[in-house]
Participant: 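Mind looking over this structure? Questions follow.
Hydrogens, waters and symmetry mates play no part in the numbers below; they use all other heavy atoms, side chains included. Atoms within each ligand, like the ligands themselves, are counted from 1 in listed order. Bear in mind that the values here come from a model prediction, so they are computed numbers and not experimental data.
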Amino acid sequence: MSFDPRSTPVDRRAEQELEARGLRYRQVDPSDQAAFDAWSQADARGFHHPRPREVDLVHERRVFADRLVRGVYDPASATPAIPIATVSSWPTGLSVPGGRSLDAWAVSSVTVAPTHRRRGIARSLMQAELRDAASAGAAIAMLTATEATIYGRYGYAPATRMATVRVDRRRAHWIGADAPGRVHLVDPASLRELAPQLVRRAVSRTPGEIDRWPALLDRVLGLVDPESERSRSIRAVRYDDERGETQGFATYRVVRDPDRPGVLESDFIAAATDDAERAIWRVFCEIDFVDEVRVQLRSVDEPLPWLLEDARAVRFDDVGDHLWLRVLDPVAALSGRRFGGAGTLRLEVDDPLGFAGGAFELDASTDGRAEVRRVEGADAPGSVPVGGSRRSRQPHGLRLGVRELGSMLLGGVRATTLARAGRVVEHSRGSLALADRLFSSDREPALTIWF
Ligand SMILES: CC(C)(COP(=O)(O)OP(=O)(O)OC[C@H]1O[C@@H](n2cnc3c(N)ncnc32)[C@H](O)[C@@H]1OP(=O)(O)O)[C@@H](O)C(=O)NCCC(=O)NCCS
């Protein structure tokens, strides 16, 4: 993807739309401390976070150094140096079924000040992001959403689900297979060097995971503000396989009232193998003086209940959507993943914003690779015979919107389910069953961070 954060100009159309309302749409250089810190204040305010301290700003400057950072300014406001709207974005990899990584455009920091809401400012910014992403060559734009009602109008749709896993530790009698390696309790800082490479391997195993930015690991390991109460309470476990090679790590902390058993909280498990994942869960379930284990942002397909004698010791709470995808280039997005078998399927995609609309033919072979091409005119869906083989008389095709395509892309929802909701229509009997098979994924898609 061609991209340079410092030389990518702001979208002209959005600039004009905002200019017409007396507002200025500007690029913010993260190395310009005063401008970036003011932007950061607005970002924190938008999400109702506390005002950032200097230690937070130092970290943020690193996080955003490689990102496009944009603000909208109101010269007539009481604090004209602080933007009344913020957005940031960067190109990054998205793991797709088959273990490959797709060029995607991550969008974050979307805020509009309460004094300026519901005047179409977010709309201008979000549409500009889609144009920026498409012109940089991203197959997909993606985000995580505070509310499920904001982004559908721009073509985004939920593609993964998440849950908070809670374990009643007193009932958690382990029956899972022993991992052949060893778990070590380690100083979190000792993981900093090996973490990026290990996390990269872990991320590639699950569709829906995105590449982690290096500074995120500093936050996870408590290195941003090491003397804070929170950082000092972070503990880490590392799993080394039978050859002594590190295959996973996790951080956790135990929160408790005086004299009472605690709650073990974790929001970061990086496991490059199933053994590592099992070994880490086992440690969490076998720490004494802890009543509950609570791990956020886990897959709804977590194997944990199958590792305990009493599967009901595990609860999946707060199940909900997490990663939202917006397909921009169906050919690149579809041909990037591997499919669940052979077959030919036409997809007639409707996109009101004009990025991804059209008819596409997906021709998958038994090894899961697919050739995808745009088809037009006489080639359009339903007008020529298509099916399991090119000579078949039975056309297999679906009509669907860009949002449905985004939700199906990683295998997070079946075409059949969307058809039951009236959101996907099959051209001929058998098309939905074929789509279900092709789009299935070996692993439930999941994203285990916010961005
Ligand atoms: C979400 C937010 C950025 C919207 O900004 P905004 O400038 O008020 O949005 P717009 O005026 O451009 O609204 C465009 C459309 O989205 C709708 N919309 C905006 N925010 C919405 C929300 N929170 N819930 C439902 N609909 C919303 C508007 O009603 C409008 O609808 P229309 O298509 O029928 O006209 C703003 O409310 C905000 O900063 N919220 C707090 C921070 C946050 O949650 N950010 C999202 C991060 S993922």
Side-chain angles (χ1 to χ4, degrees), residues 10-11 13-26 28 38-52 60 63-64 67-74 76-77 79 82-90 92 94 104-133 140-162 208 210 213 216 296-297 318 320-326 350-355 401-403 406-407 447-451:
V10 293
D11 179 78
R13 198 160 126 198
E15 190 177 30
Q16 286 169 348
E17 287 166 4
L18 293 162
E19 187 82 43
R21 294 179 206 141
L23 304 171
R24 312 272 178 274
Y25 179 33
R26 295 279 179 266
V28 178
W39 181 91
S40 226
Q41 298 279 357
D43 184 28
R45 185 180 61 192
F47 286 108
H48 314 310
H49 293 158
R51 278 190 295 278
E60 299 276 283
V63 170
F64 287 90
R67 299 184 183 179
L68 279 176
V69 179
R70 268 86 185 262
V72 180
Y73 296 83
D74 181 352
S77 83
T79 51
I82 299 182
I84 54 88
T86 59
V87 64
S88 70
S89 48
W90 68 103
T92 191
L94 165 69
W105 187 262
V107 179
S108 186
S109 321
V110 179
T111 74
V112 173
T115 46
H116 291 69
R117 73 197 274 279
R118 305 303 183 268
R119 302 182 196 174
I121 296 172
R123 181 190 304 283
S124 291
L125 297 180
M126 293 310 297
Q127 294 188 349
E129 286 297 330
L130 295 181
R131 292 189 289 271
D132 283 343
I140 278 178
M142 60 187 185
L143 47 77
T144 50
T146 52
E147 297 183 84
T149 45
I150 304 173
Y151 297 109
R153 57 179 52 76
Y154 312 113
Y156 289 89
T160 73
R161 291 184 302 151
M162 65 162 180
I210 72 162
W213 50 99
L216 173 76
Q296 293 178 9
L297 295 177
D318 306 323
D321 61 84
H322 191 40
L323 176 70
W324 288 58
L325 295 186
R326 202 294 176 203
D350 187 30
D351 181 0
L353 295 185
F355 292 95
V402 67
R403 294 168 64 183
S407 288
L447 170 69
T448 55
I449 56 166
W450 286 100
F451 68 88

Participant: Which heavy atom of the protein is the closest neighbour of atom 11 (O) of ligand 1, given with residue, atom name and distance?
Facilitator: Gly120 N, 2.8 Å
Participant: Give the residue, atom name and distance (to 0.1 Å) of the protein heavy atom nearest atom 26 (N) of ligand 1.
Facilitator: Thr149 O, 3.8 Å
Participant: Could you tell me if any non-hydrogen atom of Thr144 lies under 4.0 Å from any atom of ligand 1?
Facilitator: yes
Participant: Mind checking the CG-OG spacing from Asp132 to Ser89? Nearest 0.5 Å is all I need.
Facilitator: 6.5 Å
Participant: For atom 44 (O) of ligand 1, which protein heavy atom lies nearest, and how many Å away is it?
Facilitator: Thr146 OG1, 2.6 Å
Participant: Identify the closest protein heavy atom to atom 45 (N) of ligand 1: which residue and atom is it, and at what distance?
Facilitator: Val110 O, 2.7 Å
Participant: As a quick check of understanding, evaluate side chain to side chain contact (heavy atoms under 4.5 Å, CB included) for Phe64 and Ser109, giving each step before the final call.
Facilitator: CA-CA 11 Å; Phe64 287 90; Ser109 321; 3.7 Å; yes
Participant: Write out the residue and atom name of the closest protein heavy atom to atom 23 (N) of ligand 1, then the distance separating them to 0.1 Å.
Facilitator: Glu147 OE2, 3.0 Å
Participant: Working to the nearest 0.5 Å, report the span between OH of Tyr151 and OG1 of Thr146.
Facilitator: 5.5 Å
Participant: Measure up the Phe47 and His49 rings against each other and bin them: parallel (under 30°), tilted (30 to 60°), perpendicular (over 60°).
Facilitator: parallel
Participant: Of Ala113, Ala122, Pro114, which has the heavy atom at the shortest distance from atom 7 (O) of ligand 1?
Facilitator: Ala122
Participant: Within a distance of under 4.0 Å, is there any protein heavy atom near atom 13 (O) of ligand 1?
Facilitator: no
Participant: Less than 3.5 Å between some nitrogen or oxygen of Gly46 and one of ligand 1, yes or no?
Facilitator: no
Participant: Would you say Phe47 and ligand 1 have an N/O pair spaced under 3.5 Å apart?
Facilitator: no
Participant: Start with the C-alpha distance between Ile449 and Thr144, add both sets of side-chain angles, then the distance that settles side chain to side chain contact (heavy atoms under 4.5 Å, CB included), and finish with yes or no.
Facilitator: CA-CA 9 Å; Ile449 56 166; Thr144 50; over 6 Å; no
Participant: Check Val28, Thr79, Ile82, Ile84 against Tyr73 for a side-chain contact (heavy atoms from CB on, under 4.5 Å) and give me the one that passes.
Facilitator: Val28
Participant: Who's the nearest protein heavy-atom neighbour of atom 30 (C) of ligand 1, and how far?
Facilitator: Arg123 NH2, 4.0 Å
Participant: Can you tell whether the side chains of Arg13 and Glu17 come within less than 4.0 Å, N to carboxylate O?
Facilitator: yes
Participant: Is Thr111 in polar range of ligand 1, meaning some N or O pair under 3.5 Å apart?
Facilitator: no
Participant: Is there at least one pair of N or O atoms, one from His116 and one from ligand 1, spaced under 3.5 Å apart?
Facilitator: no
Participant: Within the 4.0 Å heavy-atom shell around Ala145, which atoms of ligand 1 are there?
Facilitator: 48 (S)
Participant: Starting from atom 34 (O) of ligand 1, what is the nearest protein heavy atom, named by residue and atom, and what distance separates them?
Facilitator: Arg153 NH2, 4.0 Å
Participant: By number and element, which atoms of ligand 1 are closer than 4.0 Å to a non-hydrogen atom of Arg117?
Facilitator: 8 (O)
Participant: Starting at OG1 of Thr160, measure out to CG of Leu325 and round the result to the nearest 0.5 Å.
Facilitator: 8.0 Å
Participant: Step through it carefully: locate the ring centre of Trp213, locate the ring centre of Trp90, and say whether they are under 6.0 Å apart.
Facilitator: yes
Participant: The test is side chain to side chain contact (heavy atoms under 4.5 Å, CB included); show your working for Arg45 and Arg51 and say whether it passes.
Facilitator: CA-CA 7 Å; Arg45 185 180 61 192; Arg51 278 190 295 278; over 6 Å; no
Participant: Suppose we measure from atom 39 (O) of ligand 1 to each protein heavy atom; which comes out shortest, and what is that distance?
Facilitator: Val112 N, 2.8 Å
Participant: On a heavy-atom basis, I'd like to know which of Trp324, Phe451, Tyr151 is closest to atom 48 (S) of ligand 1.
Facilitator: Tyr151
Participant: Would a 4.0 Å cut-off, counted as strictly less than, catch a protein heavy atom around atom 2 (C) of ligand 1?
Facilitator: no
Participant: Would you say Arg119 and ligand 1 have an N/O pair spaced under 3.5 Å apart?
Facilitator: yes
Participant: Report the member of Arg118, Arg45, Met126, Gln127 with the shortest heavy-atom distance to atom 29 (O) of ligand 1.
Facilitator: Arg118
Participant: I need the atoms of ligand 1 closer than 4.0 Å to a non-hydrogen atom of Tyr154, numbered in the order shown.
Facilitator: 14 (C)
Participant: Before you tell me yes or no, could you show the steps for Thr111 and Asp43 under side chain to side chain contact (heavy atoms under 4.5 Å, CB included), namely the whole-Å CA-CA distance, both residues' side-chain angles and the distance that decides it to 0.1 Å?
Facilitator: CA-CA 6 Å; Thr111 74; Asp43 184 28; 4.0 Å; yes
Participant: Tell me whether Asp350 is salt-bridged to Arg403, with the criterion being a basic N under 4.0 Å from an acidic carboxylate O.
Facilitator: no
Participant: Got more than 12 heavy atoms from elsewhere within 6.0 Å of CZ, Arg161?
Facilitator: no
